[in-house]
Every structure is written in structure tokens, then in C-alpha cells.
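Here's the structure we're looking at; comments come further down.
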Amino acid sequence: FAYSEPADLSRYNGPSSKVKLAFNQPIDIGSARSTIHFYKAKEAEFQGKDVSQDYRDLSKFSEMFRPEQWEEVTFSLNHMTREDVKAELDAEREKLKKLYPENTPLFEDESLLLDALDEEDLKKTILLKPTFALSFGSTYLVKIDNDLHGEQGTYSLEHEQTLLFKTVGDLKIESTRPVDKTAIKNAMEEGYGQRLGFAEIVFSHPVDLDSLQEKITISPTHIDPDTKLEVKPTLSLNYDQNALQIMYEFEPSTDYTIHLKGGFGDQYGQTYKDDFSFGFKTPQLRPVLTLMNRSDISILDSNKPRIYYLRSTNLDTAQLKFKKLTQAEFEHIYSYGYVNENINSLAGPFITRTKKVSSEFNKEVFTTLDLEKEMGQKLDGGIYYLEVSSPQFIDYYNKKPIIQRQVFVVSGSSLAVKKAKNEILIWATSLKDGTPVEGMKVSIKTRDGKVLETVSDKEGLATFTWSGPDSENFN
């Protein structure tokens, strides 16, 4: 015995469910008809107990099975056909379309899959089709005697096999997320991220997504500032299709009510008639501080104020650390075109300041950071280090302030660099008006530590040549 559908002890099955039993070799259909039995539990005999719990230890099944507790189910039994396989593929495709309407996974060519199946493959699987629809809220048992045998040979099953499954009962709402009548205190700790962007209703079993469309309303409503139209939630289901996921941009520190109008259904033909509502309060946005920059090294024009910008939410101070770097310090933290990890252990002394930032509750605001004013000194040409943090902006995992580091160059000139195998051409121009800079001392340092120097000409050009390996990859 290989596997079954439904799986053993599964509970998401409906009245039209068929039973599929797969084996490792073609099965003799006559043997199957005399050795496979289908039963429905007499619920009164079990006095409301969960039958699947009683029979979970299937090794003890024979000693526990009492025929008087079960009624036989009439059914037909046949080998699986290509038509059956095609129906399964079509059903799986429809399921995936509902799960991923925007990006349905691609199927292999169906005809190729069907053509690859030979009669021997199909005879390895037995389909049981009940004469009458299965009952809701019931427990079923398929029993396979151990004298079931294949089409060839003399071997039979080593042990009897059993399959226990349940059909769904009445559709119920089991839980919500957030929990009804709660106030979320920390969105990160409760798994929502920085901002609450979804809610969830969990049902007792799979529901029909199409029947839920237009059934959800959220109060208060959110109006799109551009279109002036009410923003509608986006609905989807989890993989088991028993949880309705409601995607919506909930505002912080706000009391919300989600209303689900009755009249939707499950995937088995049942309807949930009653209306349902649950409410919760969203948390305030957690404190965030961002130093606005575009790269690990930036250029500040010496002809303009030395300014950065801080973007923040729900905090009021920023801690600043600052210093001008020596050439040796810069070379220690900079290698192969990037600032390296040595920047994390850069030694002082530093100039430190506490900066009061703009603040508006639950709003993203910007604060101008004029470095010369903050540090109380003029920043002449050179290379500098800036560190920004806040005791209110804490790493969620290590519970320490998040540190943002920036290296910047104050200069009135720009250098454009072009490289060939054994030559480097540098063009020096003014950041103020783009004119060439004549007489600039320019140096380069090769990877083997050699320093080459020259001076830019009247067109702002400086050229370096040296002999290197005869290889197109050498730089």
C-alpha cells in the first residue's frame, strides 16, 4: 500500500469525495472487490467521541474494530482511468487559480502527462465511488484485508490497511486575527511587521472565495487621496483554504470593525447564513529613524551647505557621532571599492551631539541635519565619518539601538574615471559649474600597494599608465 486520498485521519472532505487507494503494483480488481470494505460510523455508538482519536493507534485496529459500531457503505470499485487523471488535473488547476489569481503556476503539457501513463500505471490505483453521497459531519472507514493481491505473482498485503477520514460538519467561524476586542500593543512582536496590513478569519473547513467577494466591509473606511474613492480590501485564502486573509492598509492607533455579511458558502455546498463582526485597535507605529543617503560613500559639494536629512516616525531625539578621517583611517575601512566591516570598530575620539528631531504622532517627518551647525565647525575638504542612532529606534532581535553609518567626502571637484587594461584616465571638473580643474594633484593606489601620482592638465585630464600582465582580465 502506497498512499490514499483522502489522507488517513483527514477532516476536510465533502459529500462528493471519492476514495483513491494507490499501491506499488497493478491490483487484481476481483481481489480488490472482495477485500476492500467501506464503513460509516454510527455516531450514537461512539456517544459523541472523536472516532479518529480512538483509532489513531492503527496497530490495535483489529482488536478495537466492532462491526456493530459501523454501517456498511455501498460503492463501486474500479481501476483509475485517464479520464479520472484528467479530472484531477483540472480540479487542481482551478484550485491554484483561486489561490494565485494574479500568478497561477504553470502546468506541464496535460497531454504529455496523460500519454506517459500506461495501463500498468493506471491499474496501480483503485477508485472507490460511493453509491450515495457521503453525509456531512460523519466519520468513514475503509478497511483493506491482508489477502488483497496483485494481478501477477502470489504475494498479498503483509498487514491489513485502514483509512479513516471525516466529512465536514456545519461551517463555523473558529477564530480571528487580530482577536476580537483586543488592542494590539506591538505589531512586530505579534507578527504583523511595522504596520498592520492584514486581518484573518479562520473557518472550520475550506470556504468558497468567490462567494466571499463583496461580503467584507471595514469601518472606518479609507479613502484613496488620489482617486477619492473608498479603498477596498483584497481577499485571498491560505493553502488549506480555510482562512480568509483580508489585505488592507490599516491606519495606526485606530479602532476598526470588520463585518462579514452572511450568505457565503463552503466548498461543499453549505451556506453560512449569519452576519459576523469582530473589532480591534491597531498599534501606534514603532519608532523609526533613517539617515537619507544613497550609497556607503557620498559627496557633499563644498560650494553648498553640508546637509543630510533624517526621516523619522514617533521619536524625538537622534544621537550623532562625527569625526574627520585621516588617510590611514580611510584606507583601513575602504577596500576594493567598498566600505568594509572595519567601519564598525572605528576608533575615536568623536564629536557627539544629541539632535532633537521633528515629531508628529504616527506620521513620517523629515529633519534637516546641517552638519556644520550641529558640530560647531566648518567642514573643509576631506573625508568624514557620521553615525546616527536613537535610543528609541531598537533592533527587534538584539534589543540594541540600530546604528547607521555614513562616510562622506567634502569637495569642490568631481572625478570621472575610465579604466583600460594598462591605463587609467581621470577627468577633474568643478562641482560648481562643470569646468575642468587644472593643476589638481591626483594619485592612484594599485592593489599591490604602489602609489602613482600626477597633475591634471588644462583640460582637467590626468593619465596613468603602467605595465601589467598581458591579459584582458587585468585591471
Side-chain angles (χ1 to χ4, degrees), residues 98-102 171-204 206-238 241-266 271-290 310-316 357-367 392-394 396:
K98 289 186 176 182
L99 282 173
Y100 312 106
E102 301 295 329
L171 181 59
K172 299 177 182 178
I173 294 175
E174 294 191 333
S175 63
T176 65
R177 188 179 182 204
V179 176
D180 186 28
K181 300 176 182 178
T182 60
I184 303 169
K185 295 181 179 179
N186 189 313
M188 290 290 290
E189 289 183 357
E190 297 184 36
Y192 294 106
Q194 160 68 351
R195 188 184 190 115
L196 188 66
F198 73 95
E200 188 174 68
I201 303 174
V202 179
F203 298 91
S204 55
V207 290
D208 177 45
L209 181 60
D210 290 341
S211 70
L212 286 159
Q213 300 293 346
E214 308 302 326
K215 296 288 187 182
I216 290 287
T217 55
I218 298 176
S219 177
T221 58
H222 178 56
I223 304 299
D224 186 286
D226 297 321
T227 65
K228 309 304 180 186
L229 299 175
E230 179 183 338
V231 177
K232 300 289 186 180
T234 301
L235 306 183
S236 63
L237 296 176
N238 65 342
Q241 301 188 65
N242 69 320
L244 177 65
Q245 295 166 340
I246 305 163
M247 309 305 293
Y248 194 76
E249 191 171 312
F250 295 97
E251 292 296 323
S253 303
T254 304
D255 289 299
Y256 278 96
T257 299
I258 296 181
H259 182 74
L260 173 59
K261 185 176 176 58
F264 60 91
D266 63 14
T271 300
Y272 192 94
K273 298 179 180 179
D274 299 330
D275 292 351
F276 173 79
S277 296
F278 69 105
F280 53 90
K281 184 173 182 177
T282 56
Q284 71 175 56
L285 296 179
R286 75 184 184 105
V288 173
L289 175 66
T290 304
L310 301 177
R311 182 177 64 195
S312 61
T313 303
N314 286 351
L315 51 75
D316 49 29
V357 300
S358 303
S359 181
E360 185 178 352
F361 185 59
N362 280 334
K363 299 295 184 182
E364 185 178 84
V365 294
F366 292 85
T367 301
Q392 299 164 283
F393 182 33
I394 304 297
Y396 174 70

Pair up each side-chain donor or acceptor in residues 243-251 with any protein partner under 3.5 Å, not counting sequence neighbours, and list the distances.
| residue | atom | partner | partner atom | Å |
| --- | --- | --- | --- | --- |
| Gln245 | OE1 | Ser236 | OG | 3.4 |
| Tyr248 | OH | His222 | N | 3.1 |
| Glu251 | OE1 | Arg195 | NH2 | 3.3 |

Legend entry - Note, Pro220 side chain near Thr254 side chain (heavy atom, < 4.5 Å): yes

Inset, instruction - Please check if the side chain of Thr227 supplies one atom and the backbone of Leu229 the other of a donor-acceptor pair under 3.5 Å. - result: yes

Inset, instruction - Could you tell me whether Phe264 and Phe203 have their ring centroids closer than 6.0 angstrom? - result: yes

Legend entry - CG-OG distance between Asn314 and Ser253, expressed to the nearest 0.5 angstrom: 7.5 Å

Legend entry - Test item: Leu171 and Val207 side chains (from C-beta on) under 4.5 Å apart, heavy atoms: yes

Inset, instruction - State, yes or no, whether a side-chain contact exists between Thr221 and Val231 at a heavy-atom distance under 4.5 Å. - result: no

Inset, instruction - Nearest 0.5 Å please: distance from the NZ atom of Lys181 over to the CG atom of Asp255. - result: 13.0 Å

Inset, instruction - Tell me, please, which residues at least two apart from Lys261 pass side chain to side chain contact (heavy atoms under 4.5 Å, CB included). - result: Lys215, Asp275

Inset, instruction - Check the pair Ile216 / Ile201 against side-chain contact (heavy atoms from CB on, under 4.5 Å), numbers first and verdict last. - result: CA-CA 11 Å; Ile216 290 287; Ile201 303 174; 4.3 Å; yes

Inset, instruction - Show the numbers, then the answer: is there a side-chain contact (heavy atoms from CB on, under 4.5 Å) between Asp208 and Asp266? - result: CA-CA 5 Å; Asp208 177 45; Asp266 63 14; over 6 Å; no

Inset, instruction - Output the distance between atom CD (Glu230) and atom CG (Asp224), rounded to the nearest 0.5 Å. - result: 11.5 Å

Inset, instruction - Decide yes or no for Ile258 and Thr217: does some side-chain heavy atom of the first lie under 4.5 Å from some side-chain heavy atom of the second? - result: no

Inset, instruction - Determine, step by step, whether Thr176 and Phe280 satisfy the side-chain contact (heavy atoms from CB on, under 4.5 Å) criterion, reporting the C-alpha distance in whole Å, the side-chain angles of both residues, the deciding distance to 0.1 Å, and the verdict. - result: CA-CA 10 Å; Thr176 65; Phe280 53 90; over 6 Å; no

Inset, instruction - Look at the side chain of Asn362 and the backbone N and O of Gln284, then say whether any donor-acceptor pair between them is shorter than 3.5 Å. - result: no

Legend entry - Any side-chain heavy-atom pair of Asp316 and Gln392 under 4.5 Å: yes

Legend entry - side-chain contact (heavy atoms from CB on, under 4.5 Å) between Thr282 and Tyr256, intermediate numbers included: CA-CA 8 Å; Thr282 56; Tyr256 278 96; 3.9 Å; yes

Legend entry - Closest non-hydrogen atom pair, Val288 against Thr290: CG1-OG1, 4.0 Å

Legend entry - Main-chain N/O of Gly279 paired with Thr257 side-chain donor or acceptor, under 3.5 Å: no

Inset, instruction - Side-chain contact test, heavy atoms from C-beta onward, threshold under 4.5 Å: evaluate it for Gln213 versus Leu235 and give yes or no. - result: yes

Legend entry - Where Pro283 and Lys185 come nearest, the two heavy atoms and their spacing: CB-O, 3.9 Å

Inset, instruction - For residues Ser358 and Ser312, report the shortest heavy-atom separation together with the two atoms involved. - result: O-OG, 3.6 Å

Inset, instruction - Answer whether the closest heavy-atom distance between the side chains of His259 and Phe278 falls below 4.5 Å. - result: no

Legend entry - Contact summary for Pro178 and Ile184, nearest pair of heavy atoms: CG-CD1, 3.5 Å

Inset, instruction - Would you indicate whether the side-chain heavy atoms of Val202 and Ile173 approach each other to under 4.5 Å? - result: no

